[in-house]
Amino acid sequence: MYNATLTSKGQTTIPKEVREGLGLQPHDQLNFTLMDDGTVIMRAKRRSLKDLAGLAGYKGKPIPVEQLKVPRGG
């Protein structure tokens with residue numbers, strides 16, 4: 001078990017052993033989920049859009065992200 005201290009600004013440092021164990025790098029995003037029993041689940045979000053390429057099963061020619069059309073809400 002590792003301990004950290006919360007600052008008056010709500011900030012903390014993730015212990016080095018935890019950062020290394022999760023492979024965290026600067027600018028990685030962390031997602032926190034608060035469970036009903038008070039348990040907190042922390043997940044490192046390190047995937048980029050490029051990591052998801054091919055998941056939808058699209059078999060056509062690759063389309064650059066810049067050319068994708070995003071529908072407008074409304």
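Please read all numbers here as calculations on a predicted model, not as lab measurements. Only heavy atoms go into these numbers, but all of them, side chains included; no hydrogens, no water, no symmetry mates.
Residues Ile41 and Leu22 do not share a hydrophobic cluster, clusters being chains of Ile/Leu/Val/Met/Phe/Trp/Tyr side chains in contact below 4.5 Å. Placement of Leu34 and Phe32 within a single hydrophobic cluster is found when ILVMFWY residues are connected by side-chain heavy-atom separations under 4.5 Å, directly or transitively. In the hydrophobic clustering of ILVMFWY residues, with side-chain heavy atoms under 4.5 Å counting as a link, Leu6 and Val40 come out apart.
In this structure, Asp36 places its CG atom where only 12 or fewer heavy-atom neighbours from other residues, nucleotides or ligands lie under 6.0 Å away.
Atom CE of Met42 is separated from atom CD1 of Ile14 by 5.0 Å, given to the nearest 0.5 angstrom. Annotation: the span from Lys45 atom NZ to Leu30 atom CG amounts to 11.0 Å, rounded to 0.5 Å.
Nearest approach of Ala4 to Thr12, heavy atoms of both residues: CB-OG1, 3.2 Å.
Sequence neighbours left out, the pairs with a member in residues 3-27 that pass salt bridge (charged side-chain N to carboxylate O under 4.0 Å, His left out) are Lys16-Glu20.
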